[in-house]
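All chains are named by letter (A, B, ...) in the order of the sequence lines, taking the proteins before the strands, and each is independently numbered beginning at 1.
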Amino acid sequence: MADPSNAALRSGLNNRYRVLEVRVVRGEGRDPEKHLAVSSDPSLGDTELCVLQNGWESVPVVPGDIVHLEGDCSSGTWVINEQSGYLILYPDLLLSGTTISSSIRCMRKAVLSERFRGSECGSRQTLVGTILHEIFQQSVTNNLSPEKVEELAKKIVYGQKYLKEMYHLKLKQTEIMQEIEEYLPSFFKWTEDFVRNPANQNKMQLKLPSENKTGDCSSTVEIVDILDIEENIWSPRFGLKGKIDVTARVKIHRQGGIQSRIMPLELKSGKESNSVEHRSQVILYTLLNLERRVDPEAGFLLYLKTGTMYPVTGTRMDRRELIKLRNQVAFYLMHSTYKSAVGRQQSQLAALPPLIDDSQACKYCSQIHNCFLYSRAVEERMASVSFPPALIPIIEKETQHLKPSHLEYFSLWYLMLTLEMQSGDSKKGYKNIWMIPSLEREKAGDCVGNMIRVDQVQEVSEGQYLHSFQPKNGAVPGANLLVGDRVVVSGEENGLLGLATGYVREISATKISCLLGRNLSKLPESTTFRLDHEEGDCSIGVPFENLSKLMKDSPVSEKLRNLIIDFHKPRFIQHLSSVLPPEAKEAVASILKGLNKPQKQAMKQVLLSRDYTLIVGMPGTGKTTTICALVRILSACGFSVLLTSFTHTAVDNILLKLAKFKVGFLRLGRAQKVHPDIRKFTEEEICRSKSIKSVTDLEELYNSQPVVATACMGINHPIFVQKQFDFCIVDEASQISQPICLGPLFCSKRFVLVGDHQQLPPLVQNSEARDLGMSESLFKRLEQNQNAVVQLTVQYRMNSKIMSLSNKLVYEGKLECGSEKVSNATANLPNLKMLKLEFADASKTWLKEVLEPDKPVCFLNTEKVPAPEHTEKGGVCNVTEAKLVFFLTTLFIKAGCRPSDIGIISPYRHQLKVITDLMARLKENRVEVNTIDKYQGRDKSIIIVSFVRNSNDENGLMKVSTNVTFYDGED
DNA sequence: GTGTCTCTAGACAGA
């Protein structure tokens with residue numbers, strides 16, 4: 001939960017204290033207080049006292065927590081009370097203004113929204129709101145005349161930017177335009193009142209908290225300048241983040257004179273409510289402003305429908321209550337699991353904030369499904385939780401479609417996902433950006449710091465700005481960032497965190513160019529920047545969302561629940577003739593001709609399936625070829641196909657093959673991540689080249705191809721809301737965790753999983769989650785239904801001797817060679833004879849054996865060399881073994897093997913680094929060195945495995961195997 | 001025991 005290391009503790013402005021002890025103090029006739037023993041000293045010496053009074057004692061702080069303290073500390077004592085000071089719990093967890101203001105009404109919803117991000121699926125009003133924001137922001141920045149504003153509105157509505165969302169919501173551009181038009185008159189009125197002619201209109205009461213004058217003082221407010229729009233501020237001081245619609249310089253005219261301030265202006269396009277939620281948002285933005293400028297003390301709330309603007313002053317009391325609210329939300333987010341005090345210390349899911357009984361709020365709540373689901377699956381059994389009586393029958397009704405097995409599946413996976421998310425927390429997250437100086441992080445390889453902006457900022461497309469950065473001194477450190485990586489751009493100076501996000505477009509020795517979501521050209525030229533590799537936790541959103549979807553009361557979800565949770569037997573039809581259209585017969589027959597027996601069997605099985613098929617692709621059995629043939633056959637039969645895999649690379653491998661045949665497909669996903677030869681099939685490229693500008697055009701594009709391909713995390717694309725596919729094929733399925741693999745299955749009638757659970761399972765970091773079964777893939781789970789399984793057993797990668805190793809160890813003799821040629825293949829080492837003469841020496845006979853092509857598998861025991869392992873900070877390595885690997889590599893090259901035909905793999909990254917450094921000495925450094933994970937599914941003539949481990953307890957081994965590929969080779 | 005990895009826009013739109 002909390003970071004156990006104390007390295008991050010510090011005093012000063014952005015202080016971080018560890019809470020060592022919490023004591024509740026009750027004096028006679030006095031309100032209770034909480035006394036905390038805290039320390040900002042990494043060795044936890046030097047304790048200070050923090051006294052919480054006047055309501056602050058309710059902060060749910062426990063020993064071990066990290067807190068930030070604001071206020072005064074005199075002689076080692078902090079006092080946080082009504083008048084002064086703030087305590088921020090888990091300050092490195094930044095919560096957004098909207099999260100906190102929404103928690104005023106229902107904290108449960110605020111917490112659920114942080115987990116289930118995609119549940120807010122948008123509506124007409126929200127889309128109109130977003131577009132209006134943009135029109136307003138651009139108009140005021142450029143001070144546009146009414147005619148120009150009309151023009152701008154048309155440009156935005158009839159442009160490309162919001163097409164996807166309109167398609168998603170099935171809205172027409174004309175409808176949106178009509179609605180926008182209705183807002184324009186009040187918008188012009190506002191401009192007249194506050195920007196062009198402020199002196200004699202709209203008297204507005206504005207009393208700043210710092211003024212102690214009593215009585216009303218009428219004042220007028222004039223907006224002098226728009227300094228920024230969509231300003232993004234992260235505040236690790238208050239544990240807050242947010243985007244401020246408009247940052248304005250205002251002049252306050254009052255009797256006493258004129259004051260100038262920089263204030264946040266929040267736009268609302270809905271009903272003019274001036275509600276607590278809206279006002280709170282503004283108050284939180286005034287706090288955010290403290291990161292970058294003097295306290296604005298107030299901000300504005302502007303309702304675009306009427307053009308009415310309200311001033312919002314943030315009093316100490318308001319700020320205090322909002323911070324306390326933030327602390328509570330943070331508490332719930334950080335304490336989503338707990339360990340039971342009794343028994344075996346197993347983690348359990350904790351209760352969420354209590355359900356509220358407010359039919360008005362629940363009516364429009366986007367989290368209602370998750371709210372009821374969690375209460376039913378998790379909280380119902382907790383003695384400590386009771387539901388509002390009126391809600392009990394409603395919860396019952398809304399979840400009655402779920403069986404106990406379903407609720408159990410949900411709560412188990414929810415727990416495992418939460419645990420996995422927690423174990424990533426300490427490494428990931430944004431906090432390293434403010435907790436670790438760029439120089440230090442640069443060494444770790446996740447950051448490039450001390451850069452200045454060069455060249456003009458170019459607007460490449462709507463909302464995408466190309467920026468170039470150059471290190472102030474020296475060159476760009478190699479390999480810290482890669483093209484396509486997501487980055488966060490911050491100022492090196494305090495307060496300029498998270499200025500913009502985007503991704504790397506190009507890297508050279510002297511320059512890094514990035515596409516960013518905001519234009520940073522207004523910042524002073526002297527600003528120095530740091531670019532941090534974004535390692536956010538957005539990945540965790542998709543599986544939670546899929547899990548929630550699986551529990552929905554819909555036919556698709558019900559079918560999947562039956563198949564996946566309750567193991568209903570997959571059904572098959574009897575005869576091919578009923579699925580195979582006569583006109584497709586010829587085409588199908590000719591595709592089948594190129595396949596071997598088990599591959600043909602796989603095609604047949606898929607065509608006959610009504611639910612699902614599992615294809616076991618043992619090593620070298622032509623998985624890609626099989627999938628490619630399957631897609632061709634399915635589309636020849638007139639079926640639509642959704643083709644996915646865990647990685648972009650795997651998707652593109654199939655598409656590269658498919659592109660050679662006349663099968664059309666649409667590739668979704670960011671073009672940067674897609675193989676260059678496939679980019680022309682991406683939505684992004686097609687939209688650009690065909691200049692798609694209307695919802696109809698877009699819809700046509702989406703419907704134009706029967707085959708759609710994407711990485712399986714990319715299922716939040718609007719196309720999947722509207723379209724249902726006949727078949728979904730998931731490659732690499734044995735490596736994908738269940739809740740992620742589920743995603744694409746929701747949008748198809750039948751599915752095919754391709755994988756091999758004998759190869760690598762899904763990666764799980766958290767050991768408790770792993771023990772609970774998180775590394776079981778959907779492929780493995782469903783494999784027990786043998787009638788749905790087809791095995792590809794004919795392989796073309798290994799000769800008979802290498803194959804027999806696989807067969808004996810893993811595949812129970814099922815693998816067979818595709819041909820005599822495969823079976824007898826040996827490594828081609830033309831210079832071997834010459835080389836052997838050098839080994840006439842008897843002590844080197846082992847080398848002869850290693851190099852001998854007729855002995856393709858060779859284990860070398862390094863125990864007596866000796867070659868002990870080393871454990872370092874970065875992991876385990878074995879230098880002697882690395883040298884040996886290098887030596888063998890040079891020998892194979894001398895013997896005539898091409899460097900690109902040699903692959904070196906190891907389970908340990910650290911070892912790879914040692915080996916890579918040695919390989920740098922080679923003239924032609926084309927030997928590939930990679931982890932086992934990254935190598936899976938590839939072929940090389942010679943593979944050298946470095947097992948590394950060699951300690952006293954276990955013997956380390958090194959294996960050298962030689963193999964030759966004729967089929968499916970990528971080299 | 002000392003590890004392996006991919007994907008991802010996301011804070012805010014309104015009721």
Quiz item: When all nucleic acid strands are considered with a 4.0 Å heavy-atom cut-off, which category describes A/Gln464: base, sugar-phosphate, or nothing?
Solution: nothing

Quiz item: Is the phosphate of B/dG14, meaning OP1 or OP2, less than 4.0 Å from a side-chain N or O of A/Thr126?
Solution: no

Self-check item: Sugar-phosphate, base or nothing in reach of A/Tyr285, heavy atoms under 4.0 Å
Solution: sugar-phosphate

Practice problem: Determine the contact category for A/Tyr908: base if any of its heavy atoms lies under 4.0 Å from a base atom, sugar-phosphate if only primed atoms, P, OP1 or OP2 are that close, otherwise nothing. | Solution: sugar-phosphate

Quiz item: Is A/Gln281 touching bases, backbone alone, or none of the nucleic acid, heavy atoms closer than 4.0 Å?
Solution: sugar-phosphate

Quiz item: Across the strands shown, which category fits A/Ser96 at heavy-atom distances under 4.0 angstrom: base, sugar-phosphate, nothing?
Solution: sugar-phosphate

Practice problem: Check whether any side-chain N or O of A/His278 sits under 3.5 Å from a backbone N or O of A/Ser273 as a donor-acceptor pair, and report yes or no. | Solution: no

Quiz item: Does a nitrogen or oxygen in the side chain of A/Arg117 sit under 4.0 Å from OP1 or OP2 of B/dT8?
Solution: no

Practice problem: Name the nucleic acid region contacted by A/Ile100, choosing base, sugar-phosphate or nothing; use a 4.0 angstrom heavy-atom cut-off, strictly under. | Solution: nothing

Self-check item: Neighbour count >12 (heavy atoms, 6.0 Å) for atom NZ, A/Lys913
Solution: no

Quiz item: Using a cut-off of 4.0 Å on non-hydrogen atoms, how would the nucleic acid contact of A/Gly517 be classed: base, sugar-phosphate, or nothing?
Solution: nothing

Exercise. Check whether the side chain of A/Arg770 and the base of B/dG3 form a donor-acceptor pair under 3.5 Å.
Key: yes

Quiz item: With a non-hydrogen cut-off below 4.0 angstrom, is A/Asn716 in contact with a base, only sugar-phosphate, or nothing?
Solution: nothing

Quiz item: Rounding to the closest angstrom, what is the interatomic distance between B/dA9 and B/dA13 at atom C1'?
Solution: 15 Å

Quiz item: Could you go step by step and tell me if A/Thr99 and A/Glu114 meet the side chain to side chain donor-acceptor pair (under 3.5 Å) rule?
Solution: CA-CA 8 Å; A/Thr99 296; A/Glu114 290 281 313; 3.0 Å; yes

Quiz item: Base, sugar-phosphate, or nothing for A/Thr99, non-hydrogen atoms under 4.0 angstrom?
Solution: nothing

Quiz item: Taking OP1 and OP2 of B/dT8, is either one under 4.0 Å from a side-chain nitrogen or oxygen of A/His648?
Solution: yes

Quiz item: For residues A/Gln178 and A/Glu182, is any side-chain donor paired with an opposing acceptor at under 3.5 Å?
Solution: no

